[in-house]
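Proteins come first, then strands; the chains are lettered A, B, ... in the order of their sequence lines, and each starts at number 1. No hydrogens, no waters, no symmetry mates; every other heavy atom, side chains included, goes into these values. Quantities reported herein were computed from a predicted structural model and do not represent experimental measurements.
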Protein chains: 2
Amino acid sequence: MKIGKDVEPVLWFVLYTLLRLAGGTGAVKVSTTQLGEVMGVSQQSTSRHLQHLERLGLIKREFVSDGTYIHISRKGMDNLKTVYEQLRKSLVGPASTTLILEGVVFTGFGEGAYYVNQEGYRSQLREFLGFEPFPGTLNVRLRTKVDMDRREELERTPGLEFKGFKTEDRSFGGGRGYPVVVNDEVEAVLVIADRTRYDRSTVEIVAPVNLRKRLSLKDGDVIRISYSSSLERDD
Amino acid sequence: MKIGKDVEPVLWFVLYTLLRLAGGTGAVKVSTTQLGEVMGVSQQSTSRHLQHLERLGLIKREFVSDGTYIHISRKGMDNLKTVYEQLRKSLVGPASTTLILEGVVFTGFGEGAYYVNQEGYRSQLREFLGFEPFPGTLNVRLRTKVDMDRREELERTPGLEFKGFKTEDRSFGGGRGYPVVVNDEVEAVLVIADRTRYDRSTVEIVAPVNLRKRLSLKDGDVIRISYSSSLERDD
DNA sequence: ATTACTATAGCTCGAGTAG
DNA sequence: TCTACTCGAGCTATAGTAA
(Lines give C-alpha, C1' and ligand atoms only; values in the text may rest on other atoms or scores of the structure.)
Protein backbone atom coordinates (compact mmCIF):
# COMPACT_ATOMS: atom_id res chain seq x y z
CA MET A 1 0.00 0.00 0.00
CA LYS A 2 1.88 2.98 -1.31
CA ILE A 3 0.86 6.58 -1.92
CA GLY A 4 2.55 8.07 -4.93
CA LYS A 5 5.55 5.84 -4.97
CA ASP A 6 7.32 4.21 -2.03
CA VAL A 7 5.35 5.97 0.64
CA GLU A 8 3.08 4.24 3.15
CA PRO A 9 -0.07 6.15 4.02
CA VAL A 10 1.08 6.99 7.54
CA LEU A 11 4.41 8.30 6.31
CA TRP A 12 2.66 10.23 3.59
CA PHE A 13 0.56 11.91 6.22
CA VAL A 14 3.70 12.93 8.10
CA LEU A 15 5.15 14.36 4.89
CA TYR A 16 1.91 16.19 4.18
CA THR A 17 1.88 17.64 7.67
CA LEU A 18 5.46 18.79 7.26
CA LEU A 19 4.50 20.52 4.04
CA ARG A 20 1.67 22.34 5.74
CA LEU A 21 3.99 23.52 8.48
CA ALA A 22 6.80 24.37 6.10
CA GLY A 23 4.84 26.20 3.45
CA GLY A 24 6.29 26.69 0.01
CA THR A 25 9.92 26.70 1.06
CA GLY A 26 9.84 23.10 2.20
CA ALA A 27 11.81 23.74 5.38
CA VAL A 28 10.70 23.96 9.03
CA LYS A 29 12.23 23.90 12.43
CA VAL A 30 10.08 21.60 14.46
CA SER A 31 10.66 19.07 17.27
CA THR A 32 9.31 15.57 17.30
CA THR A 33 7.10 16.54 20.24
CA GLN A 34 5.57 19.52 18.42
CA LEU A 35 5.09 17.65 15.21
CA GLY A 36 3.57 14.76 17.11
CA GLU A 37 1.08 17.11 18.74
CA VAL A 38 0.00 18.52 15.40
CA MET A 39 -0.59 15.03 14.06
CA GLY A 40 -2.06 13.57 17.22
CA VAL A 41 0.76 11.06 17.64
CA SER A 42 3.39 10.44 20.31
CA GLN A 43 6.86 11.92 20.20
CA GLN A 44 8.29 8.43 19.90
CA SER A 45 6.29 7.46 16.87
CA THR A 46 6.98 10.79 15.26
CA SER A 47 10.68 10.24 15.73
CA ARG A 48 10.44 6.86 14.10
CA HIS A 49 8.41 8.21 11.20
CA LEU A 50 10.95 10.93 10.54
CA GLN A 51 13.72 8.34 10.50
CA HIS A 52 11.80 6.34 7.94
CA LEU A 53 11.13 9.39 5.79
CA GLU A 54 14.80 10.25 5.89
CA ARG A 55 15.82 6.72 4.98
CA LEU A 56 13.48 6.88 1.99
CA GLY A 57 15.14 10.15 0.95
CA LEU A 58 11.93 12.14 1.28
CA ILE A 59 13.30 14.55 3.87
CA LYS A 60 16.67 15.73 5.14
CA ARG A 61 17.27 16.68 8.71
CA GLU A 62 19.74 19.07 10.25
CA PHE A 63 20.14 18.79 13.99
CA VAL A 64 20.91 21.95 15.91
CA SER A 65 21.26 22.38 19.66
CA ASP A 66 17.68 23.43 20.27
CA GLY A 67 15.83 21.36 17.73
CA THR A 68 15.89 20.09 14.19
CA TYR A 69 15.46 21.64 10.81
CA ILE A 70 13.53 19.47 8.42
CA HIS A 71 13.80 19.96 4.67
CA ILE A 72 11.46 18.19 2.34
CA SER A 73 13.67 16.82 -0.45
CA ARG A 74 13.04 16.97 -4.15
CA LYS A 75 11.76 13.45 -4.05
CA GLY A 76 9.44 14.31 -1.18
CA MET A 77 8.11 17.33 -3.03
CA ASP A 78 7.58 15.26 -6.15
CA ASN A 79 5.52 12.83 -4.19
CA LEU A 80 3.32 15.58 -2.79
CA LYS A 81 3.00 17.20 -6.21
CA THR A 82 1.94 13.92 -7.73
CA VAL A 83 -0.81 13.49 -5.20
CA TYR A 84 -1.81 17.11 -5.73
CA GLU A 85 -2.02 16.56 -9.47
CA GLN A 86 -4.12 13.46 -9.03
CA LEU A 87 -6.53 15.28 -6.78
CA ARG A 88 -6.67 18.21 -9.16
CA LYS A 89 -7.44 15.97 -12.10
CA SER A 90 -10.38 14.40 -10.33
CA LEU A 91 -11.70 17.38 -8.43
CA VAL A 92 -11.40 20.27 -10.83
CA GLY A 93 -11.35 18.37 -14.08
CA PRO A 94 -8.60 17.90 -16.60
CA ALA A 95 -7.45 21.50 -16.32
CA SER A 96 -5.59 21.47 -19.58
CA THR A 97 -3.14 23.98 -18.27
CA THR A 98 -1.13 25.05 -21.22
CA LEU A 99 2.03 26.88 -20.40
CA ILE A 100 3.84 28.73 -23.10
CA LEU A 101 7.45 29.82 -22.79
CA GLU A 102 9.24 31.97 -25.29
CA GLY A 103 12.98 32.22 -25.57
CA VAL A 104 15.92 32.90 -27.80
CA VAL A 105 18.09 30.18 -29.31
CA PHE A 106 21.79 30.41 -28.52
CA THR A 107 24.88 28.27 -28.88
CA GLY A 108 26.24 26.71 -25.72
CA PHE A 109 29.51 24.98 -24.99
CA GLY A 110 28.51 21.62 -26.33
CA GLU A 111 27.84 20.34 -22.83
CA GLY A 112 24.34 19.36 -23.82
CA ALA A 113 25.64 17.00 -26.48
CA TYR A 114 28.09 15.52 -23.99
CA TYR A 115 25.30 14.70 -21.56
CA VAL A 116 22.80 13.46 -24.14
CA ASN A 117 25.47 11.05 -25.38
CA GLN A 118 25.86 9.45 -21.98
CA GLU A 119 24.05 6.14 -22.26
CA GLY A 120 22.68 6.67 -18.73
CA TYR A 121 20.67 9.65 -19.95
CA ARG A 122 20.12 8.41 -23.50
CA SER A 123 18.17 5.40 -22.34
CA GLN A 124 15.89 7.51 -20.19
CA LEU A 125 15.38 10.08 -22.93
CA ARG A 126 14.59 7.29 -25.33
CA GLU A 127 11.84 6.16 -23.01
CA PHE A 128 10.37 9.66 -22.62
CA LEU A 129 10.57 10.63 -26.28
CA GLY A 130 9.71 7.28 -27.69
CA PHE A 131 12.60 7.78 -30.11
CA GLU A 132 16.33 7.93 -30.12
CA PRO A 133 17.27 11.45 -28.97
CA PHE A 134 19.20 13.63 -31.38
CA PRO A 135 22.73 13.87 -29.97
CA GLY A 136 22.65 17.52 -29.01
CA THR A 137 20.48 19.99 -27.15
CA LEU A 138 18.92 23.27 -28.12
CA ASN A 139 19.86 26.02 -25.67
CA VAL A 140 17.20 28.59 -25.05
CA ARG A 141 17.50 31.81 -23.12
CA LEU A 142 14.38 33.17 -21.48
CA ARG A 143 14.25 36.94 -21.71
CA THR A 144 11.34 38.16 -19.66
CA LYS A 145 10.27 37.78 -16.06
CA VAL A 146 6.97 36.34 -17.28
CA ASP A 147 8.82 33.51 -19.02
CA MET A 148 10.92 32.81 -15.98
CA ASP A 149 7.84 32.76 -13.77
CA ARG A 150 6.25 30.30 -16.17
CA ARG A 151 9.33 28.20 -15.99
CA GLU A 152 8.93 28.08 -12.22
CA GLU A 153 5.30 27.17 -12.64
CA LEU A 154 6.41 24.35 -14.87
CA GLU A 155 8.83 23.18 -12.23
CA ARG A 156 6.03 22.93 -9.74
CA THR A 157 4.62 20.00 -11.66
CA PRO A 158 6.34 16.68 -11.11
CA GLY A 159 7.30 16.09 -14.73
CA LEU A 160 9.42 13.09 -15.62
CA GLU A 161 12.25 12.15 -13.36
CA PHE A 162 15.74 11.54 -14.68
CA LYS A 163 17.75 9.41 -12.37
CA GLY A 164 21.41 10.11 -11.77
CA PHE A 165 23.98 7.39 -12.44
CA LYS A 166 27.67 6.64 -12.22
CA THR A 167 30.20 5.60 -14.83
CA GLU A 168 33.76 4.48 -14.20
CA ASP A 169 34.95 8.05 -14.59
CA ARG A 170 32.43 10.21 -12.80
CA SER A 171 28.89 10.46 -11.51
CA PHE A 172 26.00 12.24 -13.19
CA GLY A 173 23.19 13.99 -11.35
CA GLY A 174 19.46 13.66 -11.81
CA GLY A 175 16.99 16.10 -13.24
CA ARG A 176 13.55 16.45 -14.67
CA GLY A 177 12.06 16.46 -18.10
CA TYR A 178 8.83 18.03 -19.29
CA PRO A 179 7.15 16.93 -22.50
CA VAL A 180 6.72 20.00 -24.70
CA VAL A 181 5.98 21.01 -28.25
CA VAL A 182 8.37 23.40 -29.98
CA ASN A 183 6.90 25.98 -32.37
CA ASP A 184 3.65 23.98 -32.38
CA GLU A 185 5.37 21.38 -34.51
CA VAL A 186 7.94 19.18 -32.88
CA GLU A 187 7.53 17.08 -29.79
CA ALA A 188 10.46 17.36 -27.47
CA VAL A 189 11.50 17.28 -23.84
CA LEU A 190 12.50 20.35 -21.88
CA VAL A 191 15.27 19.26 -19.57
CA ILE A 192 16.24 20.83 -16.28
CA ALA A 193 19.20 19.30 -14.48
CA ASP A 194 19.00 19.43 -10.72
CA ARG A 195 22.43 21.02 -10.62
CA THR A 196 21.50 23.89 -12.90
CA ARG A 197 18.01 24.55 -11.72
CA TYR A 198 18.86 27.87 -10.11
CA ASP A 199 19.93 29.43 -13.35
CA ARG A 200 16.44 30.59 -14.07
CA SER A 201 17.10 32.12 -17.45
CA THR A 202 18.08 29.16 -19.57
CA VAL A 203 16.52 25.87 -20.50
CA GLU A 204 17.59 23.02 -22.75
CA ILE A 205 15.52 21.07 -25.19
CA VAL A 206 16.07 17.53 -26.38
CA ALA A 207 14.19 16.12 -29.34
CA PRO A 208 14.27 13.07 -31.60
CA VAL A 209 15.46 15.31 -34.43
CA ASN A 210 17.89 18.16 -34.99
CA LEU A 211 15.69 21.05 -34.00
CA ARG A 212 17.94 23.66 -35.61
CA LYS A 213 17.58 21.99 -39.00
CA ARG A 214 14.01 20.88 -38.67
CA LEU A 215 12.78 24.37 -37.75
CA SER A 216 15.50 26.28 -39.63
CA LEU A 217 16.68 27.97 -36.47
CA LYS A 218 19.73 30.13 -36.02
CA ASP A 219 21.09 31.93 -33.00
CA GLY A 220 18.86 34.78 -31.94
CA ASP A 221 15.66 33.25 -33.29
CA VAL A 222 12.73 33.21 -30.90
CA ILE A 223 11.02 29.89 -30.30
CA ARG A 224 7.80 28.99 -28.61
CA ILE A 225 7.71 26.09 -26.16
CA SER A 226 4.28 24.74 -25.18
CA TYR A 227 3.61 22.44 -22.31
CA SER A 228 0.23 20.83 -21.65
CA SER A 229 -0.28 19.11 -18.36
CA SER A 230 -2.43 16.55 -20.13
CA LEU A 231 0.66 15.32 -21.93
CA GLU A 232 1.99 14.06 -18.65
CA ARG A 233 2.37 10.38 -18.23
CA ASP A 234 -0.41 8.85 -16.18
CA ASP A 235 1.72 7.54 -13.32
CA MET B 1 -3.67 10.67 13.54
CA LYS B 2 -6.31 12.04 11.24
CA ILE B 3 -6.16 13.39 7.72
CA GLY B 4 -8.61 16.20 7.17
CA LYS B 5 -11.08 15.27 9.82
CA ASP B 6 -11.96 11.81 11.12
CA VAL B 7 -9.96 9.90 8.56
CA GLU B 8 -7.00 7.68 9.36
CA PRO B 9 -4.19 7.75 6.83
CA VAL B 10 -4.87 4.27 5.53
CA LEU B 11 -8.55 4.98 5.04
CA TRP B 12 -7.72 8.28 3.42
CA PHE B 13 -5.59 6.43 0.94
CA VAL B 14 -8.48 4.15 0.11
CA LEU B 15 -10.71 7.18 -0.41
CA TYR B 16 -8.09 8.82 -2.57
CA THR B 17 -7.75 5.69 -4.67
CA LEU B 18 -11.50 5.53 -5.11
CA LEU B 19 -11.49 9.13 -6.30
CA ARG B 20 -8.83 8.36 -8.87
CA LEU B 21 -10.82 5.42 -10.16
CA ALA B 22 -14.11 7.27 -10.07
CA GLY B 23 -13.03 10.53 -11.66
CA GLY B 24 -15.13 13.62 -11.23
CA THR B 25 -18.44 11.86 -10.84
CA GLY B 26 -17.47 10.22 -7.59
CA ALA B 27 -18.94 6.84 -8.49
CA VAL B 28 -17.27 3.58 -9.58
CA LYS B 29 -18.15 -0.01 -9.96
CA VAL B 30 -15.27 -1.90 -8.47
CA SER B 31 -14.84 -5.12 -6.51
CA THR B 32 -12.82 -5.46 -3.33
CA THR B 33 -10.37 -7.67 -5.22
CA GLN B 34 -9.81 -5.14 -8.00
CA LEU B 35 -9.53 -2.24 -5.62
CA GLY B 36 -7.18 -4.23 -3.45
CA GLU B 37 -4.96 -4.91 -6.45
CA VAL B 38 -4.77 -1.23 -7.33
CA MET B 39 -3.75 -0.39 -3.79
CA GLY B 40 -1.49 -3.37 -3.21
CA VAL B 41 -3.65 -4.77 -0.43
CA SER B 42 -5.59 -7.99 0.07
CA GLN B 43 -9.23 -8.36 -0.80
CA GLN B 44 -10.03 -8.94 2.87
CA SER B 45 -8.42 -5.75 4.08
CA THR B 46 -10.02 -3.80 1.29
CA SER B 47 -13.40 -5.11 2.32
CA ARG B 48 -12.79 -4.01 5.90
CA HIS B 49 -11.59 -0.58 4.81
CA LEU B 50 -14.69 -0.04 2.74
CA GLN B 51 -16.85 -0.98 5.70
CA HIS B 52 -15.04 1.57 7.82
CA LEU B 53 -15.36 4.27 5.18
CA GLU B 54 -19.06 3.56 4.92
CA ARG B 55 -19.52 3.67 8.69
CA LEU B 56 -17.79 7.05 8.74
CA GLY B 57 -20.20 8.26 6.07
CA LEU B 58 -17.46 8.90 3.53
CA ILE B 59 -18.80 6.51 0.93
CA LYS B 60 -22.06 4.77 0.10
CA ARG B 61 -22.22 1.32 -1.42
CA GLU B 62 -24.79 -0.26 -3.64
CA PHE B 63 -24.51 -4.00 -4.06
CA VAL B 64 -25.56 -5.45 -7.37
CA SER B 65 -25.38 -9.06 -8.54
CA ASP B 66 -22.00 -8.76 -10.24
CA GLY B 67 -20.24 -6.29 -8.02
CA THR B 68 -20.63 -3.12 -6.05
CA TYR B 69 -21.08 0.51 -6.93
CA ILE B 70 -19.22 2.86 -4.67
CA HIS B 71 -20.23 6.50 -4.37
CA ILE B 72 -18.02 8.95 -2.59
CA SER B 73 -20.34 10.97 -0.35
CA ARG B 74 -20.39 14.70 0.11
CA LYS B 75 -18.43 14.30 3.31
CA GLY B 76 -15.88 12.15 1.54
CA MET B 77 -15.53 14.69 -1.25
CA ASP B 78 -15.14 17.49 1.28
CA ASN B 79 -12.33 15.62 2.92
CA LEU B 80 -10.51 15.17 -0.38
CA LYS B 81 -11.11 18.80 -1.32
CA THR B 82 -9.70 19.96 1.97
CA VAL B 83 -6.52 18.00 1.43
CA TYR B 84 -6.37 19.30 -2.12
CA GLU B 85 -6.71 22.87 -0.90
CA GLN B 86 -3.98 22.37 1.67
CA LEU B 87 -1.63 20.98 -0.94
CA ARG B 88 -2.49 23.78 -3.32
CA LYS B 89 -1.78 26.41 -0.70
CA SER B 90 1.67 25.04 -0.03
CA LEU B 91 2.64 23.98 -3.52
CA VAL B 92 1.33 26.72 -5.77
CA GLY B 93 1.08 29.55 -3.26
CA PRO B 94 -1.94 31.29 -1.84
CA ALA B 95 -3.75 31.39 -5.17
CA SER B 96 -6.09 34.14 -4.12
CA THR B 97 -8.75 32.83 -6.41
CA THR B 98 -11.42 35.44 -6.51
CA LEU B 99 -14.68 34.28 -7.94
CA ILE B 100 -17.28 36.81 -8.92
CA LEU B 101 -20.91 35.92 -9.47
CA GLU B 102 -23.52 38.32 -10.77
CA GLY B 103 -27.20 37.81 -10.37
CA VAL B 104 -30.58 39.45 -10.14
CA VAL B 105 -32.43 40.00 -6.87
CA PHE B 106 -35.89 38.49 -6.68
CA THR B 107 -38.52 37.81 -4.07
CA GLY B 108 -38.96 34.22 -2.97
CA PHE B 109 -41.67 32.55 -0.96
CA GLY B 110 -40.29 33.50 2.42
CA GLU B 111 -38.78 30.05 2.87
CA GLY B 112 -35.38 31.60 3.48
CA ALA B 113 -36.68 33.48 6.50
CA TYR B 114 -38.31 30.32 7.81
CA TYR B 115 -35.04 28.44 7.67
CA VAL B 116 -32.85 31.23 9.01
CA ASN B 117 -35.16 31.47 12.00
CA GLN B 118 -34.63 27.85 12.92
CA GLU B 119 -32.30 27.95 15.89
CA GLY B 120 -30.46 24.93 14.47
CA TYR B 121 -29.30 27.01 11.51
CA ARG B 122 -29.16 30.37 13.34
CA SER B 123 -26.50 29.16 15.72
CA GLN B 124 -24.33 27.91 12.88
CA LEU B 125 -24.81 31.09 10.86
CA ARG B 126 -23.94 33.11 13.93
CA GLU B 127 -20.65 31.26 14.12
CA PHE B 128 -19.84 31.78 10.44
CA LEU B 129 -20.89 35.43 10.26
CA GLY B 130 -19.65 36.43 13.67
CA PHE B 131 -22.99 38.22 14.12
CA GLU B 132 -26.61 37.46 14.56
CA PRO B 133 -27.99 36.72 11.07
CA PHE B 134 -30.71 39.00 9.74
CA PRO B 135 -33.91 36.94 9.76
CA GLY B 136 -34.35 36.63 6.02
CA THR B 137 -32.40 35.71 2.93
CA LEU B 138 -31.69 37.51 -0.30
CA ASN B 139 -32.67 35.41 -3.31
CA VAL B 140 -30.48 35.81 -6.32
CA ARG B 141 -31.05 34.42 -9.77
CA LEU B 142 -28.00 33.73 -11.90
CA ARG B 143 -28.62 34.63 -15.52
CA THR B 144 -25.68 33.46 -17.57
CA LYS B 145 -23.92 30.17 -18.10
CA VAL B 146 -20.69 31.80 -16.95
CA ASP B 147 -22.24 32.61 -13.59
CA MET B 148 -23.59 29.11 -13.20
CA ASP B 149 -20.22 27.64 -14.07
CA ARG B 150 -18.64 29.88 -11.45
CA ARG B 151 -21.18 28.70 -8.97
CA GLU B 152 -20.09 25.15 -9.70
CA GLU B 153 -16.49 26.17 -9.28
CA LEU B 154 -17.42 27.61 -5.93
CA GLU B 155 -19.06 24.35 -4.96
CA ARG B 156 -15.86 22.52 -5.66
CA THR B 157 -14.28 24.19 -2.67
CA PRO B 158 -15.18 22.73 0.71
CA GLY B 159 -16.69 25.90 2.17
CA LEU B 160 -18.32 25.80 5.57
CA GLU B 161 -20.48 22.87 6.47
CA PHE B 162 -23.96 23.29 7.85
CA LYS B 163 -25.08 20.28 9.76
CA GLY B 164 -28.64 19.07 9.54
CA PHE B 165 -30.71 18.70 12.70
CA LYS B 166 -34.09 17.59 13.96
CA THR B 167 -36.78 19.37 15.89
CA GLU B 168 -39.90 17.81 17.40
CA ASP B 169 -41.79 18.55 14.21
CA ARG B 170 -39.45 17.72 11.37
CA SER B 171 -35.87 17.29 10.33
CA PHE B 172 -33.72 19.79 8.49
CA GLY B 173 -31.01 18.92 5.99
CA GLY B 174 -27.44 20.11 5.80
CA GLY B 175 -25.77 22.41 3.34
CA ARG B 176 -22.77 24.57 2.77
CA GLY B 177 -21.95 28.20 3.22
CA TYR B 178 -19.36 30.29 1.44
CA PRO B 179 -18.11 33.56 2.89
CA VAL B 180 -18.68 36.29 0.30
CA VAL B 181 -18.80 40.03 -0.08
CA VAL B 182 -21.87 41.57 -1.68
CA ASN B 183 -21.38 44.62 -3.92
CA ASP B 184 -17.87 44.98 -2.50
CA GLU B 185 -19.39 46.24 0.73
CA VAL B 186 -21.15 43.77 2.94
CA GLU B 187 -19.80 40.51 4.28
CA ALA B 188 -22.26 37.71 3.99
CA VAL B 189 -22.61 33.98 3.49
CA LEU B 190 -23.81 32.39 0.28
CA VAL B 191 -25.85 29.39 1.29
CA ILE B 192 -26.48 26.26 -0.73
CA ALA B 193 -28.73 23.67 0.84
CA ASP B 194 -27.91 20.10 -0.08
CA ARG B 195 -31.50 19.58 -1.09
CA THR B 196 -31.54 22.45 -3.56
CA ARG B 197 -28.09 22.13 -4.98
CA TYR B 198 -29.27 20.96 -8.35
CA ASP B 199 -31.17 24.12 -9.04
CA ARG B 200 -28.17 25.74 -10.57
CA SER B 201 -29.70 29.09 -11.29
CA THR B 202 -30.47 30.45 -7.84
CA VAL B 203 -28.49 31.12 -4.70
CA GLU B 204 -29.39 32.58 -1.34
CA ILE B 205 -27.46 35.06 0.73
CA VAL B 206 -27.54 35.50 4.47
CA ALA B 207 -25.96 38.52 6.14
CA PRO B 208 -25.87 40.17 9.54
CA VAL B 209 -27.96 43.01 8.13
CA ASN B 210 -30.96 43.50 5.89
CA LEU B 211 -29.21 43.50 2.54
CA ARG B 212 -32.16 45.01 0.69
CA LYS B 213 -32.09 48.07 2.93
CA ARG B 214 -28.37 48.33 3.37
CA LEU B 215 -27.70 48.29 -0.37
CA SER B 216 -31.02 49.83 -1.43
CA LEU B 217 -31.91 46.81 -3.51
CA LYS B 218 -35.19 46.10 -5.22
CA ASP B 219 -36.32 43.18 -7.36
CA GLY B 220 -34.50 43.11 -10.66
CA ASP B 221 -31.37 44.85 -9.39
CA VAL B 222 -28.12 43.17 -10.29
CA ILE B 223 -25.72 42.40 -7.47
CA ARG B 224 -22.13 41.29 -7.44
CA ILE B 225 -21.06 38.49 -5.14
CA SER B 226 -17.31 38.07 -4.57
CA TYR B 227 -15.69 35.05 -3.02
CA SER B 228 -12.00 34.88 -2.14
CA SER B 229 -10.57 31.54 -1.23
CA SER B 230 -8.32 33.28 1.28
CA LEU B 231 -11.38 34.13 3.33
CA GLU B 232 -11.80 30.46 4.08
CA ARG B 233 -11.38 29.34 7.61
CA ASP B 234 -8.03 27.70 8.24
CA ASP B 235 -9.40 24.37 9.43
C1' DA C 1 -18.36 -14.15 -9.12
C1' DT C 2 -19.09 -11.54 -5.14
C1' DT C 3 -18.44 -9.68 0.34
C1' DA C 4 -16.95 -10.53 4.81
C1' DC C 5 -16.16 -13.53 9.05
C1' DT C 6 -12.51 -15.81 12.16
C1' DA C 7 -8.02 -16.70 13.72
C1' DT C 8 -3.47 -15.76 14.03
C1' DA C 9 1.01 -13.76 12.51
C1' DG C 10 3.20 -9.61 12.40
C1' DC C 11 3.55 -4.83 12.78
C1' DT C 12 2.94 -0.34 15.04
C1' DC C 13 2.16 2.25 19.01
C1' DG C 14 3.52 4.75 23.17
C1' DA C 15 5.46 4.23 28.19
C1' DG C 16 9.70 4.13 30.15
C1' DT C 17 14.08 5.52 29.74
C1' DA C 18 18.95 6.77 28.07
C1' DG C 19 22.20 9.72 26.04
C1' DT D 1 15.04 20.46 26.48
C1' DC D 2 16.28 17.46 22.34
C1' DT D 3 16.19 12.42 19.61
C1' DA D 4 15.69 7.70 19.78
C1' DC D 5 16.19 3.08 22.02
C1' DT D 6 13.54 -1.22 24.10
C1' DC D 7 9.56 -3.88 24.77
C1' DG D 8 4.91 -5.33 25.75
C1' DA D 9 -0.05 -4.28 24.57
C1' DG D 10 -2.91 -3.71 21.04
C1' DC D 11 -4.07 -3.14 16.39
C1' DT D 12 -3.96 -4.57 11.43
C1' DA D 13 -3.07 -7.60 7.79
C1' DT D 14 -3.84 -11.86 5.32
C1' DA D 15 -4.98 -16.99 4.86
C1' DG D 16 -8.71 -19.85 5.21
C1' DT D 17 -13.31 -20.14 4.69
C1' DA D 18 -18.44 -19.27 4.57
C1' DA D 19 -22.42 -17.45 2.54
Round to a whole Å and report the spacing from [atom1] of [X] to [atom2] of [N].
| X | N | atom1 | atom2 | answer |
| --- | --- | --- | --- | --- |
| A:E37 | D:dT3 | CD | P | 12 Å |
| A:I70 | D:dC2 | CD1 | C1' | 13 Å |
| B:M39 | D:dT14 | CE | C1' | 14 Å |
| B:K2 | C:dC13 | NZ | P | 14 Å |
| B:Q34 | C:dT3 | CD | C1' | 13 Å |
| B:L11 | D:dC11 | CG | P | 15 Å |
| A:L35 | D:dA4 | CG | P | 12 Å |

Contacts under 3.5 Å, N or O only, protein and nucleotides 9-11 of chain C:
none

From A:H49 atom NE2 to A:Q44 atom CD, the distance as rounded to the nearest 0.5 Å:
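Going from the NE2 atom of A:H49 to the CD atom of A:Q44 covers 11.0 Å.
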[Y] side chain reached by [X] side chain, heavy atoms, under 4.5 Å:
| X | Y | result |
| --- | --- | --- |
| A:T202 | A:N139 | no |
| A:E187 | A:P179 | no |
| A:R176 | A:E155 | no |
| B:V203 | B:R141 | no |
| A:Y84 | B:Y84 | yes |

For [N], does either OP1 or OP2 sit under 4.0 Å from a side-chain N or O belonging to [X]?
| X | N | value |
| --- | --- | --- |
| B:S31 | C:dA1 | no |
| B:T32 | C:dT3 | yes |
| A:R61 | D:dA4 | yes |

Could you check whether any side-chain N or O of A:E62 sits under 3.5 Å from a backbone N or O of A:I70, counting only pairs where one atom can act as donor and the other as acceptor?
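Flag not set: sc A:E62 to bb A:I70 has no pair under 3.5 Å.
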Does atom CZ of A:F109 have more than 12 heavy-atom neighbours, drawn from other residues, nucleotides or ligands, at distances under 6.0 Å?
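Atom CZ in A:F109 is not crowded, with 12 or fewer foreign heavy atoms closer than 6.0 Å.
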Of the listed nucleotides (C:dT3, D:dT3, D:dA13), which one gets closest to any side-chain atom of B:V10?
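Of C:dT3, D:dT3, D:dA13, D:dA13 is nearest to the side chain of B:V10.
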Within the 6.0 Å centroid threshold, strictly below: A:F63 and A:Y69
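Judged by ring-centre distance (under 6.0 Å), A:F63 and A:Y69 do not meet the cut-off.
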Can you pull out the residues from residues 45-59 of chain B that lie within a 4.0 Å heavy-atom distance of DNA chain C?
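Per residue number, the list reads B:S47, B:Q51.
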Hey, what are the protein-to-nucleotides 17-19 of chain C N/O distances that come in under 3.5 Å?
none

Check whether NZ of the Lys or CZ of the Arg B:R170 lies under 6.0 Å from the centre of the six-membered ring of B:F172 and within 45 degrees of that ring's axis.
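The answer is yes; both the distance and angle limits are met.
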State which residue, out of A:T98, A:L101, A:L190, A:L154, fulfils the side-chain contact (heavy atoms from CB on, under 4.5 Å) condition with A:Y227.
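It is A:L154; the other options fail the test.
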